[in-house]
Amino acid sequence: MNSLEIKKVRGFQDIYGDNAKKYRFIVETAREVFEKYNFQEIILPYVEDVSLFIRSVGEMTDIVQKEMYVFEDRGGRRVALRPEGTASAVRAFIEERMYAKGGYHKLFYEGAMFRYERPQAGRYRQFHQIGAEIFGVDSPLSDAELIKMVKDILDRLGIEARLEINTLGDFESRKRYMDALREYLKKTKDTLCDICKTRVKTNPLRVLDCKVEQCKQSTEDAPKITDFLPEERIERYVKLKEYLKALGIDFIENPRLVRGLDYYTDTVFEFITEKIGAQGTVAAGGRYDKLVEQLGGPPTPALGFAAGIERLMLLIDKVPSENLLTVVIPLTDEFNLTALKLSSLMRERGMKTELLLKAGSLKSKMKLANRFGARFVVFVSERPELKDMETGEQEVFETAEDIVDVLEKRVLV
RNA sequence: GAGGGUGUAGCUCAGUCGGCAGAGCACAAGGUUGUGGCCCUUGGGGUCGCGGGUUCAAGUCCCGUCACCCUCCCCA
(Lines give C-alpha, C1' and ligand atoms only; values in the text may rest on other atoms or scores of the structure.)
Protein backbone atom coordinates (compact mmCIF):
# COMPACT_ATOMS: atom_id res chain seq x y z
CA MET A 1 0.00 0.00 0.00
CA ASN A 2 1.55 3.30 -0.98
CA SER A 3 0.74 6.86 -0.08
CA LEU A 4 -1.07 7.49 -3.37
CA GLU A 5 -3.74 5.01 -2.48
CA ILE A 6 -7.11 6.50 -1.64
CA LYS A 7 -9.33 4.48 0.60
CA LYS A 8 -13.07 4.41 0.91
CA VAL A 9 -14.67 6.73 3.41
CA ARG A 10 -15.42 5.31 6.84
CA GLY A 11 -18.73 3.54 6.99
CA PHE A 12 -18.98 3.14 3.22
CA GLN A 13 -18.35 -0.07 1.34
CA ASP A 14 -17.76 -1.63 -2.03
CA ILE A 15 -20.18 -4.44 -2.78
CA TYR A 16 -18.65 -6.78 -5.34
CA GLY A 17 -18.17 -10.43 -6.24
CA ASP A 18 -20.41 -12.82 -4.36
CA ASN A 19 -21.77 -9.98 -2.27
CA ALA A 20 -22.98 -8.18 -5.37
CA LYS A 21 -24.69 -11.40 -6.43
CA LYS A 22 -26.42 -11.63 -3.07
CA TYR A 23 -27.44 -7.99 -3.30
CA ARG A 24 -29.00 -8.49 -6.73
CA PHE A 25 -30.64 -11.73 -5.64
CA ILE A 26 -32.30 -9.97 -2.72
CA VAL A 27 -33.50 -7.01 -4.74
CA GLU A 28 -34.78 -9.17 -7.59
CA THR A 29 -36.54 -11.55 -5.24
CA ALA A 30 -38.21 -8.66 -3.44
CA ARG A 31 -39.20 -7.14 -6.76
CA GLU A 32 -40.90 -10.35 -7.85
CA VAL A 33 -42.84 -10.52 -4.62
CA PHE A 34 -43.85 -6.84 -4.84
CA GLU A 35 -45.03 -7.52 -8.36
CA LYS A 36 -47.23 -10.39 -7.17
CA TYR A 37 -48.81 -8.12 -4.59
CA ASN A 38 -49.38 -5.50 -7.28
CA PHE A 39 -47.10 -2.83 -5.83
CA GLN A 40 -45.76 -0.09 -8.11
CA GLU A 41 -42.14 1.00 -8.05
CA ILE A 42 -41.23 4.55 -7.11
CA ILE A 43 -37.71 5.80 -7.63
CA LEU A 44 -37.13 8.50 -5.06
CA PRO A 45 -34.44 11.17 -4.77
CA TYR A 46 -31.54 10.64 -2.40
CA VAL A 47 -31.57 14.27 -1.38
CA GLU A 48 -34.50 15.99 0.33
CA ASP A 49 -35.22 19.18 2.20
CA VAL A 50 -34.04 18.68 5.78
CA SER A 51 -37.37 19.70 7.23
CA LEU A 52 -39.04 16.69 5.62
CA PHE A 53 -37.17 14.42 8.02
CA ILE A 54 -37.47 16.73 10.98
CA ARG A 55 -41.23 16.76 10.60
CA SER A 56 -41.67 13.04 9.86
CA VAL A 57 -38.99 11.03 11.63
CA GLY A 58 -39.13 13.42 14.57
CA GLU A 59 -37.07 16.37 15.71
CA MET A 60 -35.92 14.69 18.91
CA THR A 61 -34.97 11.33 17.41
CA ASP A 62 -31.34 10.27 17.18
CA ILE A 63 -31.65 9.98 13.43
CA VAL A 64 -32.45 13.67 13.07
CA GLN A 65 -30.42 14.94 16.01
CA LYS A 66 -27.07 13.35 15.23
CA GLU A 67 -27.14 10.94 12.32
CA MET A 68 -28.17 12.91 9.25
CA TYR A 69 -25.86 14.01 6.49
CA VAL A 70 -26.99 17.61 6.25
CA PHE A 71 -25.46 20.25 4.04
CA GLU A 72 -26.21 23.40 2.17
CA ASP A 73 -26.22 23.17 -1.61
CA ARG A 74 -24.89 25.93 -3.84
CA GLY A 75 -28.28 27.54 -3.94
CA GLY A 76 -28.34 27.86 -0.17
CA ARG A 77 -30.92 25.10 0.37
CA ARG A 78 -30.64 23.05 3.55
CA VAL A 79 -30.75 19.49 2.28
CA ALA A 80 -30.10 16.02 3.69
CA LEU A 81 -29.14 12.65 2.28
CA ARG A 82 -32.17 10.57 3.08
CA PRO A 83 -31.79 8.52 6.28
CA GLU A 84 -34.85 6.41 5.50
CA GLY A 85 -37.42 5.93 2.75
CA THR A 86 -40.86 6.48 4.19
CA ALA A 87 -40.60 10.25 4.49
CA SER A 88 -39.73 10.61 0.81
CA ALA A 89 -42.49 8.24 -0.24
CA VAL A 90 -45.03 10.24 1.72
CA ARG A 91 -43.71 13.49 0.31
CA ALA A 92 -44.04 12.11 -3.20
CA PHE A 93 -47.52 10.76 -2.51
CA ILE A 94 -48.59 14.25 -1.54
CA GLU A 95 -46.58 16.27 -4.02
CA GLU A 96 -47.53 14.12 -7.01
CA ARG A 97 -51.18 14.30 -5.92
CA MET A 98 -51.56 10.54 -6.01
CA TYR A 99 -54.51 10.81 -3.65
CA ALA A 100 -56.42 12.76 -6.32
CA LYS A 101 -56.98 9.54 -8.24
CA GLY A 102 -58.90 8.13 -5.31
CA GLY A 103 -58.70 4.53 -4.20
CA TYR A 104 -55.51 3.50 -2.52
CA HIS A 105 -51.87 3.25 -3.54
CA LYS A 106 -49.19 0.63 -3.05
CA LEU A 107 -45.59 1.66 -3.69
CA PHE A 108 -42.22 0.00 -3.30
CA TYR A 109 -38.70 1.37 -3.47
CA GLU A 110 -35.11 0.24 -3.23
CA GLY A 111 -31.85 2.05 -2.72
CA ALA A 112 -29.29 3.68 -0.45
CA MET A 113 -29.92 5.40 2.86
CA PHE A 114 -27.39 7.42 4.83
CA ARG A 115 -26.87 7.71 8.56
CA TYR A 116 -23.78 9.02 10.29
CA GLU A 117 -23.36 6.31 12.90
CA ARG A 118 -20.43 4.34 14.25
CA PRO A 119 -20.00 1.45 11.82
CA GLN A 120 -20.33 -2.04 13.21
CA ALA A 121 -21.47 -5.49 12.12
CA GLY A 122 -24.49 -5.04 9.87
CA ARG A 123 -24.36 -1.27 10.17
CA TYR A 124 -22.92 1.14 7.65
CA ARG A 125 -23.18 4.85 6.99
CA GLN A 126 -24.47 4.13 3.53
CA PHE A 127 -26.75 1.14 3.68
CA HIS A 128 -29.45 -0.16 1.39
CA GLN A 129 -33.06 -0.92 1.92
CA ILE A 130 -36.01 -2.34 0.13
CA GLY A 131 -39.30 -1.01 1.36
CA ALA A 132 -42.96 -0.64 0.56
CA GLU A 133 -45.79 1.66 1.58
CA ILE A 134 -49.56 1.47 1.34
CA PHE A 135 -51.50 4.75 1.29
CA GLY A 136 -55.20 5.17 1.83
CA VAL A 137 -56.17 1.99 3.63
CA ASP A 138 -57.31 1.74 7.20
CA SER A 139 -58.26 -1.91 7.45
CA PRO A 140 -56.11 -4.33 9.44
CA LEU A 141 -56.33 -6.44 6.30
CA SER A 142 -53.61 -4.22 4.89
CA ASP A 143 -51.44 -4.71 8.00
CA ALA A 144 -51.78 -8.45 7.66
CA GLU A 145 -51.04 -8.40 3.96
CA LEU A 146 -47.97 -6.22 4.34
CA ILE A 147 -46.56 -8.49 7.03
CA LYS A 148 -47.33 -11.53 4.91
CA MET A 149 -45.54 -9.91 1.99
CA VAL A 150 -42.41 -9.33 4.07
CA LYS A 151 -42.60 -12.91 5.26
CA ASP A 152 -42.89 -14.09 1.64
CA ILE A 153 -39.73 -12.21 0.73
CA LEU A 154 -37.82 -13.67 3.66
CA ASP A 155 -39.12 -17.17 2.88
CA ARG A 156 -38.06 -16.93 -0.73
CA LEU A 157 -34.62 -15.79 0.37
CA GLY A 158 -34.44 -18.76 2.72
CA ILE A 159 -34.13 -16.52 5.76
CA GLU A 160 -35.64 -17.41 9.11
CA ALA A 161 -36.52 -14.61 11.48
CA ARG A 162 -39.00 -14.35 14.28
CA LEU A 163 -41.83 -11.87 13.98
CA GLU A 164 -42.61 -9.58 16.88
CA ILE A 165 -45.63 -7.33 16.85
CA ASN A 166 -47.12 -4.69 19.06
CA THR A 167 -49.61 -1.87 18.91
CA LEU A 168 -48.85 1.68 19.92
CA GLY A 169 -52.38 3.00 19.50
CA ASP A 170 -53.16 6.57 18.57
CA PHE A 171 -51.03 9.57 19.57
CA GLU A 172 -53.43 10.75 22.31
CA SER A 173 -53.57 7.52 24.26
CA ARG A 174 -49.89 6.95 23.71
CA LYS A 175 -49.19 10.30 25.27
CA ARG A 176 -51.32 9.42 28.29
CA TYR A 177 -49.53 6.10 28.48
CA MET A 178 -46.11 7.74 28.35
CA ASP A 179 -47.03 10.07 31.18
CA ALA A 180 -48.13 7.14 33.30
CA LEU A 181 -45.04 5.19 32.38
CA ARG A 182 -42.82 8.11 33.29
CA GLU A 183 -44.49 8.34 36.69
CA TYR A 184 -43.94 4.65 37.25
CA LEU A 185 -40.32 4.82 36.16
CA LYS A 186 -39.56 7.74 38.45
CA LYS A 187 -40.45 5.53 41.38
CA THR A 188 -38.18 2.73 40.28
CA LYS A 189 -35.46 4.97 38.94
CA ASP A 190 -32.78 3.81 41.39
CA THR A 191 -32.98 0.26 40.09
CA LEU A 192 -32.48 1.24 36.46
CA CYS A 193 -29.20 1.21 34.56
CA ASP A 194 -27.44 4.52 33.91
CA ILE A 195 -28.57 4.78 30.32
CA CYS A 196 -32.17 4.14 31.28
CA LYS A 197 -32.06 6.81 33.95
CA THR A 198 -31.64 9.37 31.21
CA ARG A 199 -34.16 7.59 28.99
CA VAL A 200 -36.90 8.11 31.56
CA LYS A 201 -36.92 11.71 30.43
CA THR A 202 -35.98 11.46 26.78
CA ASN A 203 -37.59 8.23 25.63
CA PRO A 204 -39.40 6.24 28.34
CA LEU A 205 -40.66 3.62 25.90
CA ARG A 206 -37.08 2.64 25.26
CA VAL A 207 -36.60 1.65 28.90
CA LEU A 208 -39.01 -1.21 28.31
CA ASP A 209 -36.80 -2.37 25.49
CA CYS A 210 -33.58 -2.28 27.55
CA LYS A 211 -31.46 -5.43 27.52
CA VAL A 212 -30.02 -4.97 31.01
CA GLU A 213 -31.44 -7.61 33.35
CA GLN A 214 -32.11 -5.27 36.27
CA CYS A 215 -34.12 -2.99 34.01
CA LYS A 216 -36.15 -5.88 32.69
CA GLN A 217 -36.96 -6.92 36.23
CA SER A 218 -37.83 -3.53 37.60
CA THR A 219 -40.17 -2.80 34.68
CA GLU A 220 -41.99 -6.10 34.93
CA ASP A 221 -45.00 -4.51 36.59
CA ALA A 222 -44.87 -1.35 34.53
CA PRO A 223 -48.16 -0.18 33.03
CA LYS A 224 -48.96 -1.68 29.65
CA ILE A 225 -49.88 0.34 26.59
CA THR A 226 -52.92 -1.81 25.96
CA ASP A 227 -54.47 -0.62 29.22
CA PHE A 228 -54.52 2.90 27.84
CA LEU A 229 -55.97 2.24 24.44
CA PRO A 230 -59.63 2.78 23.57
CA GLU A 231 -61.67 -0.30 22.78
CA GLU A 232 -61.61 0.21 19.01
CA ARG A 233 -57.79 0.23 18.90
CA ILE A 234 -57.68 -3.00 20.85
CA GLU A 235 -60.25 -4.56 18.56
CA ARG A 236 -58.19 -3.59 15.57
CA TYR A 237 -55.16 -5.27 17.09
CA VAL A 238 -57.17 -8.40 17.84
CA LYS A 239 -58.35 -8.50 14.24
CA LEU A 240 -54.80 -8.27 12.94
CA LYS A 241 -53.68 -11.15 15.14
CA GLU A 242 -56.63 -13.17 13.87
CA TYR A 243 -55.61 -12.52 10.27
CA LEU A 244 -52.00 -13.42 10.93
CA LYS A 245 -53.04 -16.71 12.50
CA ALA A 246 -55.30 -17.41 9.53
CA LEU A 247 -52.30 -16.89 7.24
CA GLY A 248 -50.29 -19.32 9.32
CA ILE A 249 -47.77 -16.70 10.36
CA ASP A 250 -46.14 -17.28 13.74
CA PHE A 251 -45.62 -14.18 15.81
CA ILE A 252 -44.69 -13.09 19.28
CA GLU A 253 -46.61 -10.33 20.94
CA ASN A 254 -44.06 -8.04 22.46
CA PRO A 255 -45.70 -5.23 24.42
CA ARG A 256 -42.24 -3.73 24.90
CA LEU A 257 -41.57 -3.40 21.20
CA VAL A 258 -41.19 0.27 20.35
CA ARG A 259 -39.77 1.87 17.32
CA GLY A 260 -37.38 4.76 17.08
CA LEU A 261 -39.34 6.86 14.66
CA ASP A 262 -42.02 9.17 15.94
CA TYR A 263 -44.60 8.68 13.23
CA TYR A 264 -45.83 5.20 14.06
CA THR A 265 -49.39 4.54 15.23
CA ASP A 266 -51.18 1.28 16.02
CA THR A 267 -49.34 -1.66 14.45
CA VAL A 268 -45.58 -1.99 14.65
CA PHE A 269 -43.60 -5.09 13.79
CA GLU A 270 -40.05 -6.38 13.46
CA PHE A 271 -38.47 -9.45 11.96
CA ILE A 272 -35.51 -10.32 14.18
CA THR A 273 -32.66 -12.83 14.05
CA GLU A 274 -29.87 -13.62 16.50
CA LYS A 275 -27.52 -14.91 13.83
CA ILE A 276 -25.83 -11.73 12.70
CA GLY A 277 -24.63 -10.02 15.87
CA ALA A 278 -26.10 -7.14 17.76
CA GLN A 279 -27.91 -5.58 14.82
CA GLY A 280 -30.52 -8.30 14.51
CA THR A 281 -33.52 -6.45 13.13
CA VAL A 282 -33.70 -7.44 9.53
CA ALA A 283 -37.00 -5.92 8.49
CA ALA A 284 -39.39 -3.65 10.34
CA GLY A 285 -42.33 -1.40 9.85
CA GLY A 286 -45.68 -0.25 11.02
CA ARG A 287 -48.63 1.98 10.54
CA TYR A 288 -48.45 5.80 10.40
CA ASP A 289 -51.97 7.10 10.02
CA LYS A 290 -51.21 10.75 10.82
CA LEU A 291 -48.04 11.30 8.83
CA VAL A 292 -49.54 12.23 5.47
CA GLU A 293 -51.60 14.88 7.18
CA GLN A 294 -48.62 16.14 9.17
CA LEU A 295 -46.72 16.65 5.96
CA GLY A 296 -49.46 18.71 4.40
CA GLY A 297 -51.51 16.09 2.60
CA PRO A 298 -55.11 15.06 3.09
CA PRO A 299 -55.81 12.76 6.06
CA THR A 300 -54.66 9.38 4.75
CA PRO A 301 -54.10 6.20 6.73
CA ALA A 302 -50.89 4.47 5.71
CA LEU A 303 -48.38 1.82 6.59
CA GLY A 304 -45.09 0.46 5.37
CA PHE A 305 -41.93 -1.49 6.05
CA ALA A 306 -38.25 -1.46 5.22
CA ALA A 307 -35.66 -4.22 5.17
CA GLY A 308 -31.88 -3.79 5.39
CA ILE A 309 -30.21 -5.40 2.40
CA GLU A 310 -26.78 -5.69 4.05
CA ARG A 311 -28.28 -7.55 6.98
CA LEU A 312 -30.19 -9.87 4.68
CA MET A 313 -26.93 -10.49 2.82
CA LEU A 314 -25.34 -11.73 6.03
CA LEU A 315 -28.05 -14.37 6.28
CA ILE A 316 -27.69 -15.73 2.75
CA ASP A 317 -24.87 -18.16 2.10
CA LYS A 318 -25.49 -18.96 -1.55
CA VAL A 319 -27.48 -17.52 -4.39
CA PRO A 320 -29.23 -19.95 -6.73
CA SER A 321 -26.89 -21.38 -9.34
CA GLU A 322 -26.40 -19.70 -12.66
CA ASN A 323 -25.80 -21.01 -16.16
CA LEU A 324 -22.73 -23.13 -16.73
CA LEU A 325 -19.69 -21.26 -18.01
CA THR A 326 -17.66 -22.10 -21.08
CA VAL A 327 -14.16 -20.64 -21.50
CA VAL A 328 -12.84 -20.20 -25.02
CA ILE A 329 -9.05 -20.48 -25.34
CA PRO A 330 -7.23 -19.72 -28.60
CA LEU A 331 -4.22 -22.04 -28.63
CA THR A 332 -2.03 -19.49 -30.36
CA ASP A 333 -2.44 -15.88 -31.43
CA GLU A 334 -3.29 -16.88 -35.01
CA PHE A 335 -6.59 -18.31 -33.71
CA ASN A 336 -7.58 -15.16 -31.84
CA LEU A 337 -9.92 -14.06 -34.60
CA THR A 338 -11.67 -17.43 -34.80
CA ALA A 339 -12.02 -17.50 -31.02
CA LEU A 340 -13.41 -13.96 -30.99
CA LYS A 341 -16.07 -14.87 -33.54
CA LEU A 342 -16.89 -18.13 -31.82
CA SER A 343 -17.39 -16.41 -28.45
CA SER A 344 -19.63 -13.86 -30.08
CA LEU A 345 -21.73 -16.60 -31.69
CA MET A 346 -22.03 -18.49 -28.40
CA ARG A 347 -23.30 -15.41 -26.61
CA GLU A 348 -25.85 -14.79 -29.34
CA ARG A 349 -27.09 -18.31 -28.72
CA GLY A 350 -27.49 -17.45 -25.03
CA MET A 351 -24.44 -19.18 -23.59
CA LYS A 352 -22.41 -17.77 -20.75
CA THR A 353 -19.01 -17.44 -22.36
CA GLU A 354 -15.59 -16.23 -21.30
CA LEU A 355 -13.10 -15.59 -24.09
CA LEU A 356 -9.74 -16.00 -22.41
CA LEU A 357 -8.15 -12.61 -22.90
CA LYS A 358 -4.87 -12.98 -21.10
CA ALA A 359 -1.69 -14.10 -22.80
CA GLY A 360 0.49 -16.72 -21.19
CA SER A 361 1.26 -20.39 -21.17
CA LEU A 362 -1.56 -22.82 -21.82
CA LYS A 363 -1.13 -24.01 -18.28
CA SER A 364 -1.75 -20.56 -16.88
CA LYS A 365 -4.78 -20.17 -19.14
CA MET A 366 -6.20 -23.43 -17.89
CA LYS A 367 -5.63 -22.27 -14.35
CA LEU A 368 -7.61 -19.15 -15.12
CA ALA A 369 -10.39 -21.18 -16.72
CA ASN A 370 -10.51 -23.26 -13.61
CA ARG A 371 -10.69 -20.25 -11.38
CA PHE A 372 -13.50 -18.73 -13.44
CA GLY A 373 -15.39 -21.88 -12.55
CA ALA A 374 -15.58 -23.12 -16.14
CA ARG A 375 -17.56 -26.27 -16.76
CA PHE A 376 -16.36 -26.48 -20.37
CA VAL A 377 -13.30 -25.27 -22.24
CA VAL A 378 -13.08 -24.88 -26.00
CA PHE A 379 -9.56 -25.00 -27.44
CA VAL A 380 -9.54 -23.13 -30.71
CA SER A 381 -7.11 -24.42 -33.35
CA GLU A 382 -7.33 -26.13 -36.79
CA ARG A 383 -9.15 -28.97 -35.10
CA PRO A 384 -11.13 -27.34 -32.28
CA GLU A 385 -11.61 -29.40 -29.12
CA LEU A 386 -14.19 -29.37 -26.36
CA LYS A 387 -13.17 -30.34 -22.87
CA ASP A 388 -15.48 -31.14 -19.99
CA MET A 389 -13.69 -29.83 -16.92
CA GLU A 390 -15.55 -32.12 -14.57
CA THR A 391 -14.97 -35.43 -16.31
CA GLY A 392 -11.79 -34.46 -18.13
CA GLU A 393 -13.22 -35.89 -21.38
CA GLN A 394 -12.20 -34.21 -24.60
CA GLU A 395 -13.74 -34.33 -28.08
CA VAL A 396 -12.35 -33.14 -31.42
CA PHE A 397 -14.56 -31.25 -33.91
CA GLU A 398 -14.31 -30.25 -37.53
CA THR A 399 -15.28 -26.60 -37.07
CA ALA A 400 -15.89 -24.26 -34.16
CA GLU A 401 -19.55 -23.96 -35.18
CA ASP A 402 -20.03 -27.70 -34.71
CA ILE A 403 -19.06 -27.27 -31.10
CA VAL A 404 -21.72 -24.65 -30.53
CA ASP A 405 -24.53 -27.04 -31.42
CA VAL A 406 -23.23 -29.68 -29.05
CA LEU A 407 -22.51 -27.23 -26.26
CA GLU A 408 -25.90 -25.63 -26.44
CA LYS A 409 -27.59 -28.81 -25.28
CA ARG A 410 -25.22 -29.29 -22.35
CA VAL A 411 -25.02 -25.75 -21.09
CA LEU A 412 -28.51 -24.37 -21.40
CA VAL A 413 -31.16 -25.75 -19.12
C1' G B 1 -20.88 10.40 22.11
C1' A B 2 -18.48 5.96 25.46
C1' G B 3 -15.67 1.23 25.93
C1' G B 4 -12.58 -3.00 24.05
C1' G B 5 -9.54 -5.29 20.16
C1' U B 6 -6.41 -5.24 15.75
C1' G B 7 -2.85 -2.83 12.13
C1' U B 8 3.87 -6.98 9.53
C1' A B 9 4.23 -9.42 1.61
C1' G B 10 -1.58 -8.95 -2.95
C1' C B 11 -4.56 -12.22 1.08
C1' U B 12 -4.59 -14.90 6.10
C1' C B 13 -1.33 -14.47 9.87
C1' A B 14 3.57 -15.98 12.99
C1' G B 15 7.54 -13.00 14.91
C1' U B 16 9.99 -15.46 22.12
C1' C B 17 13.89 -11.50 26.45
C1' G B 18 14.69 -5.30 22.12
C1' G B 19 19.62 -8.18 18.29
C1' C B 20 19.87 -10.40 10.05
C1' A B 21 11.98 -9.60 8.00
C1' G B 22 9.11 -15.07 8.28
C1' A B 23 5.21 -19.05 6.90
C1' G B 24 0.92 -20.61 4.26
C1' C B 25 -2.07 -19.06 0.25
C1' A B 26 -1.83 -16.25 -4.28
C1' C B 27 1.49 -14.90 -8.52
C1' A B 28 5.60 -16.42 -12.20
C1' A B 29 8.76 -20.31 -14.32
C1' G B 30 9.64 -25.42 -14.35
C1' G B 31 8.90 -30.88 -13.07
C1' U B 32 4.91 -32.76 -17.38
C1' U B 33 7.85 -30.96 -25.60
C1' G B 34 0.72 -26.10 -26.12
C1' U B 35 -4.26 -29.17 -21.06
C1' G B 36 -6.84 -27.06 -14.90
C1' G B 37 -7.63 -28.94 -9.72
C1' C B 38 -3.51 -32.62 -6.06
C1' C B 39 1.92 -32.87 -5.35
C1' C B 40 7.26 -31.18 -5.76
C1' U B 41 11.33 -27.48 -7.05
C1' U B 42 12.80 -22.55 -7.95
C1' G B 43 11.77 -17.34 -8.22
C1' G B 44 9.77 -12.26 -7.69
C1' G B 45 7.75 -9.61 -4.08
C1' G B 46 8.17 -5.34 2.69
C1' U B 47 7.58 2.69 4.18
C1' C B 48 6.38 -3.77 9.88
C1' G B 49 -0.50 1.93 9.39
C1' C B 50 1.66 7.05 10.15
C1' G B 51 4.56 10.62 13.35
C1' G B 52 7.62 11.30 17.42
C1' G B 53 10.45 9.42 21.81
C1' U B 54 13.78 5.85 24.73
C1' U B 55 18.14 2.81 23.18
C1' C B 56 24.56 1.02 20.73
C1' A B 57 20.19 -1.37 18.48
C1' A B 58 12.74 -0.87 17.93
C1' G B 59 8.08 -4.96 14.10
C1' U B 60 8.93 -5.59 19.55
C1' C B 61 9.09 -0.58 24.84
C1' C B 62 6.66 4.65 25.59
C1' C B 63 3.57 8.90 23.73
C1' G B 64 0.51 10.73 19.93
C1' U B 65 -2.35 9.98 15.59
C1' C B 66 -5.17 7.50 11.70
C1' A B 67 -7.81 3.34 9.91
C1' C B 68 -10.47 -1.11 10.48
C1' C B 69 -13.27 -4.69 13.55
C1' C B 70 -16.49 -5.52 17.80
C1' U B 71 -19.74 -3.64 21.78
C1' C B 72 -22.90 0.22 24.10
C1' C B 73 -26.17 3.89 22.19
C1' C B 74 -29.48 3.92 17.96
C1' C B 75 -31.59 1.55 13.92
C1' A B 76 -32.91 -1.68 9.06
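Lettering follows sequence order; numbering is per chain, from 1. Only this structure's heavy atoms are used, side chains among them; waters, hydrogens and symmetry mates stay out.
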- P-based separation of B:A9 from B:G24 [nearest Å]: 16 Å
Rounded to whole Å, CG of A:L331 lies from C1' of B:U33 at a distance of 15 Å
To the nearest angstrom, the NZ-C1' distance between A:K8 and B:C69 comes to 12 Å
- Message: For a quick check of understanding: with a heavy-atom distance under 4.0 Å over all strands, which category does A:F271 fall into, base, sugar-phosphate or nothing?
- Response: nothing
Distance col, row A:R91:CZ vs A:L291:CG, nearest 0.5 angstrom, shows 12.5 Å
Picking from B:G34, B:U35, B:A76, the nucleotide nearest the side-chain atoms of A:F379 would be B:U35
A:E164 atom CD is separated from B:C75 atom P, nearest whole Å, by 15 Å
The nucleotide from B:G34, B:C74, B:C27 with an atom nearest the side chain of A:E117 is B:C74
At under 4.0 Å between heavy atoms, what does A:A369 touch on the DNA or RNA strands: base, sugar-phosphate, or nothing?
-> nothing
Sugar-phosphate only, base, or nothing, as touched by A:F305 at under 4.0 Å among non-hydrogen atoms
nothing
To the nearest angstrom, the CE-C1' distance between A:M68 and B:C74 comes to 14 Å
Could you tell me how far B:U35 sits from B:A23 if I compare only their C1' atoms? Round to whole Å. 31 Å
Per atom distances to the A:K367 side chain, the nearest of B:C68, B:U35, B:G37 is B:G37
query: Taking OP1 and OP2 of B:C72, is either one under 4.0 Å from a side-chain nitrogen or oxygen of A:Q120?
result: yes
Requested in this report: Using a heavy-atom cut-off of under 4.0 Å over every strand shown, decide if A:E67 touches base, sugar-phosphate, or nothing.
Outcome: sugar-phosphate
Atom CZ of A:R125 and atom C1' of B:G1 are separated, to the nearest Å, by 12 Å
* Asked: Is a donor-acceptor pair below 3.5 Å formed from side chain A:R123 to base B:C73, judging by atom type as modelled?
  -> yes
So, A:E72 and A:R77, do they make that salt bridge, N to O below 4.0 Å? no
- Query: Ignoring hydrogens and angles, are the base of B:U35 and the side chain of A:K387 linked by a donor-acceptor pair under 3.5 Å?
  - Reply: yes
request  = Go through the N and O atoms of the side chain of A:R311 and the base of B:C75, and report whether any donor-acceptor pair is under 3.5 Å.
outcome  = yes
Centroid-to-centroid, A:F135 to A:Y99, below 6.0 Å? no
Regarding A:K363, tell me which of base, sugar-phosphate or nothing describes its non-hydrogen contacts under 4.0 Å with the strands shown. base
Could you check whether A:G285 gets within reach of a base, just the sugar-phosphate, or nothing at all, counting any heavy atom under 4.0 Å? nothing
Closest of B:A29, B:G34, B:A76 to the A:S381 side chain is B:G34
note: A:L362, atom CG; B:G30, atom C1'; distance rounded to Å ~ 15 Å
| request: Please determine if A:K245 and A:E242 form a salt bridge, counting it only when a charged side-chain N lies under 4.0 Å from a carboxylate O. | output: no
Between CD1 of A:I130 and P of B:A76 the distance, given in whole Å, is 14 Å
- Message: Looking at A:R156 and A:E32, is any side-chain nitrogen of the basic one under 4.0 Å from a carboxylate oxygen of the acidic one?
- Response: yes
RNA chain B nearest-nucleotide lookup for A:V9 and A:A306: closer to the 5′ end is A:V9
Query - Parallel, tilted or perpendicular: ring planes of A:Y69 versus A:F114, cut at 30 and 60 degrees - result: perpendicular
By nearest-heavy-atom nucleotide on RNA chain B, the more 5' of A:E84 and A:G360 is A:G360
From CE of A:M113 across to P of B:C74 the rounded distance in Å is 22 Å
